[in-house]
Structure formats: structure tokens, C-alpha cells
**Q** 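Once you've had a glance at the structure underneath, I'll fire off some questions.
Because the structure is a prediction, the values reported are computed rather than measured.
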Amino acid sequence: MKLNRRSLLKAGGLATGVVVSGGLPALASVNEPENRKGKKLALKVAHITDVHIREGENAPERFKQCLKQIIAKHKPDFFLNGGDSINDASYDNVTYEQMIKQWSIWDECTALLNKYELHSCIGNHDPWWKAPSKEDAMYGKNYVVKRLKIPHRYYSFRKKNWHFIVLDGNNKNISLDQEQFDWLKKELEQLPASTPTLLMSHYPILGTTQVLVGGGHSDCKQLKDLFYKHRDKVRVCLSGHNHLSDQTRYNDVLYCCNGAMSGFWWGKGDAESAGPGYYLETPPGYAMLNLYEDGTVENEYFPHTY
């Protein structure tokens, strides 16, 4: 099932840096091994996004194999999940039974992560907007918050000397609502100077992928201005949604759209797929981030073959 993409964004005024197409592993910020000398690794974080878990295509077992690979190969400190955890709850014909089944498969798969913290954000395909009524316990974002076991639709937390902010872009025209923007502004203002900060939204804030397929934050200029004001803090912004891999640096903030665990929604692909399971030129995969105590960051995209 192919997502309905939003209209293309205007690209004017966005400076594009390193573009990673085809899902080839790439480092950013620290590109040469010798540049790591003297740096102390604070955290190793796995970023998974757009899992779109469902029954078909043997997706549950394939997802489990991916998680096992991440744990065995990379030994992350914890996981970030960029949303669209279940295949879909947003279309008109989704039933209660489908909702329950998809979330039960998600629970079964992520039980492999019972020894790890899993910090998630809400994707556009996660909320069930066609529940019998708005009063229904399964309606909208509040139910997703419950199923993902997160404190709120947007929130923050601290690990080592790094600060993490998780956003909810599932609002009008893909943006932060005013309440959330005010919270984000206050959150950044209250951080001590030079606190390295990572932000995660389901949707790209800046980058290349939304120029190709749409789906980016419509409030990107407002967020860019806020990040520039706090340029001593904001280091990296993670996203998914577009199932494409790219890295863009603007105003010394690294924007990483880290593909999709499901690739072409666990399917074989279409005429535009560069390979089996690819969406356009990007294979299914996940990203690993090295976060250093000095605030520098490496983001590497790893294709998988499950």
C-alpha cells in the first residue's frame, strides 16, 4: 500500500548539504576516523521509523530479525521510534479488529526490547480517526500515546549530557500547534547554554526528501528561526515519514530523514523502486547515531535485507 503524498514544498531558501540516496551508509558531522580522537562517546542510539507493522508479507518476523540485528550488531543504549508504528489506522475503512490486531503485533515484536528504553513519536498512520465517536477510548492521539507508552503527544527527556525532544507534527498542514510551539520555545530557553539537543518529529523539518515527495513541516521557517536562536544547543533533527534517506545540514543543524524499516511498506516495490523493497532509491533500513559529549553527532543509515 503506497502512501498518498502531500503536494511538493517550495524549495527556495533551503540550503541542501550532504544528500544520501540509495541508502548507502554515510557519516555526518564527524567524517574521518581521526577526527574522533579526543572525543568521548556519550550515547549510541538506534533510530527506527515507519515500521508499518502488519500481518502480511511476513512483516512481524522480518521486523523481529531487524531488531535482533540492531541489538547484536550495534548494542545501542536505547531506541528512538519515529512513528507510523502500525501499518495504518487512518483510512476510512479501518475496523476495530484491524486496530487491535496491528497494535497487538507491535506489542509482540517490541517485547524483544524489554531491556531497552523505547522513546516514540506519533506518526500520521497511528491514530484511529474513524472510531465510533470522539469519546471512544481508541479515538485519535490519546490512544496512541497509551499504546506507545509515552508520557504525552510531545515530551522531552535527558540522557547523559544530551537533551531529547519528541514532537507531534500531526496538526494542520503538518505543523506544531501553538500550545506545542510555546512549550518547545520555553523548553529550549530553559536549557543551560550549550546543552546538546536532539529533536525527533515524524515529519522532516528541513531536507531533500520533501522536495521530492512532499510531506515536510509547513512551519519549517518558524522552527528554523527558533533553532538558529538556540544554535548553541540544537544539534540534530531526526525524521521519517518519507521512507527516503537523506542528510542535510543547515545553520549547523543536521537534519536526518532516516528511511523506513518497512521500505516499500514490506512489499517488493514498484516500477520506480531501485531494488527489491526500495522506495525510490532508498532500501529498507534503520539508522544508528553516535552522540558525543562535546555535542557532535554521527548518523549512519544501515539497509537491511530481511
Side-chain angles (χ1 to χ4, degrees), residues 3-21 28-29 47 49-50 80 82-84 121-124 141 152-156 163-191 193-259 287 289 295-297 299:
L3 295 179
N4 293 321
R5 296 297 185 186
R6 278 112 174 140
S7 58
L8 294 177
L9 295 182
K10 291 183 179 179
L14 302 188
T16 303
V18 180
V19 179
V20 182
S21 63
S29 185
H47 180 219
T49 187
D50 295 83
L80 293 173
D84 281 359
C121 68
I122 302 172
N124 56 300
K141 299 179 191 178
H152 191 57
R153 64 185 179 93
Y154 56 87
Y155 60 98
S156 66
H163 194 70
F164 297 82
I165 298 175
V166 179
L167 301 173
D168 170 27
N170 297 284
N171 305 291
K172 185 178 180 181
N173 298 324
I174 306 181
S175 65
L176 304 189
D177 51 284
Q178 191 60 51
E179 172 193 286
Q180 183 179 183
F181 183 81
D182 291 343
W183 170 85
L184 175 60
K185 183 179 177 182
K186 185 176 180 181
E187 184 84 2
L188 291 172
E189 287 173 350
Q190 291 180 341
L191 285 175
S194 301
T195 300
T197 301
L198 178 152
L199 295 96
M200 179 172 67
S201 175
H202 177 62
Y203 308 92
I205 294 175
L206 287 179
T208 303
T209 69
Q210 60 265 48
V211 177
L212 297 173
V213 297
H217 270 260
S218 64
D219 54 353
C220 59
K221 290 184 179 180
Q222 185 182 27
L223 289 171
K224 177 267 296 180
D225 291 344
L226 179 64
F227 297 164
Y228 187 71
K229 182 178 180 181
H230 297 283
R231 56 192 178 276
D232 63 317
K233 303 168 188 174
V234 179
R235 299 286 190 253
V236 57
C237 295
L238 303 181
S239 67
H241 183 61
N242 284 347
H243 292 223
L244 298 175
S245 171
D246 93 81
Q247 298 186 42
T248 296
R249 180 173 293 281
Y250 188 74
N251 289 341
D252 208 30
V253 177
L254 183 63
Y255 296 87
C256 303
C257 185
N258 279 326
L289 290 101
T296 53
V297 56
N299 182 92

**Q** I'd like to know if the side chain of Asp84 pairs up with that of His202 as donor and acceptor (distance under 3.5 Å, no hydrogens or angles considered).
**A** yes

**Q** Do the side chains of Thr49 and Leu238 get nearer than 4.5 Å, heavy atoms only?
**A** no

**Q** Side chain to side chain contact (heavy atoms under 4.5 Å, CB included) for Gln180 and Asn171? Distances and angles first, verdict last.
**A** CA-CA 10 Å; Gln180 183 179 183; Asn171 305 291; 3.8 Å; yes

**Q** Measure the spacing between CG of Leu226 and NZ of Lys185 and express it to the nearest 0.5 Å.
**A** 8.0 Å

**Q** So Asn251 and Lys224, do their side chains get closer than 4.5 Å, heavy atoms only?
**A** yes

**Q** Can you tell me how far CD1 of Ile174 sits from CD1 of Ile205, rounded to the nearest 0.5 angstrom?
**A** 11.5 Å

**Q** So, taking the atom named CG in Leu223 and the one named CG in Leu199, what distance separates them when rounded to the nearest 0.5 Å?
**A** 8.5 Å

**Q** Would you kindly say whether Asp246 and Tyr255 are connected by a side-chain donor-acceptor distance under 3.5 Å?
**A** no

**Q** What residue among Leu206, Asn242, Thr208 forms side-chain contact (heavy atoms from CB on, under 4.5 Å) with Cys257?
**A** Asn242

**Q** Only one of Ser156, Ser201, Cys121 forms a side-chain contact (heavy atoms from CB on, under 4.5 Å) with Leu167, so which one is it?
**A** Ser201

**Q** Distance-only, no hydrogens or angles: does the Asn258 side chain make a donor-acceptor pair with backbone N or O of Gly240 under 3.5 Å?
**A** no

**Q** Taking all atoms of both residues into account, what is the closest heavy-atom pair of His217 and Tyr203, and its distance?
**A** CD2-O, 3.4 Å

**Q** Rounded at 0.5 Å granularity, tell me how far OG in Ser194 sits from NZ in Lys233.
**A** 8.5 Å

**Q** Identify the heavy atoms of Arg235 and Arg231 that sit nearest to each other, and give their distance.
**A** NH1-O, 3.4 Å

**Q** Sequence neighbours excluded, which residues qualify as ring pair (Phe, Tyr, Trp, His ring centres under 6.0 Å) partners of Tyr154?
**A** His152, Trp183

**Q** Check the side chains of Asn173 and Ser218 for a donor-acceptor pair under 3.5 angstrom, ignoring hydrogens and angles.
**A** no

**Q** Scan for salt bridge (charged side-chain N to carboxylate O under 4.0 Å, His left out) pairs involving residues 164-180, sequence neighbours excluded, and state none if there are none.
**A** Lys141-Asp168, Arg153-Asp168, Arg153-Asp177, Arg153-Glu179

**Q** Please name the pair of heavy atoms, one in Cys256 and one in Val236, separated by the smallest distance, quoted to 0.1 Å.
**A** SG-CG2, 4.3 Å

**Q** Just how far is it from atom CG of Asp219 to atom CG of Leu176, taken to the nearest 0.5 Å?
**A** 5.0 Å

**Q** Who passes ring pair (Phe, Tyr, Trp, His ring centres under 6.0 Å) against Phe164, sequence neighbours left out?
**A** Phe78, Phe157

**Q** Kindly indicate whether the side chain of Val213, heavy atoms from C-beta on, has any atom under 4.5 Å from the side chain of His243.
**A** no

**Q** Got a second to check how far Cys237's SG is from Met200's CE, nearest 0.5 Å?
**A** 11.5 Å

**Q** Ignoring hydrogens, what is the shortest heavy-atom contact between Ile122 and Asn170? Give both atom names and the distance.
**A** O-ND2, 2.9 Å

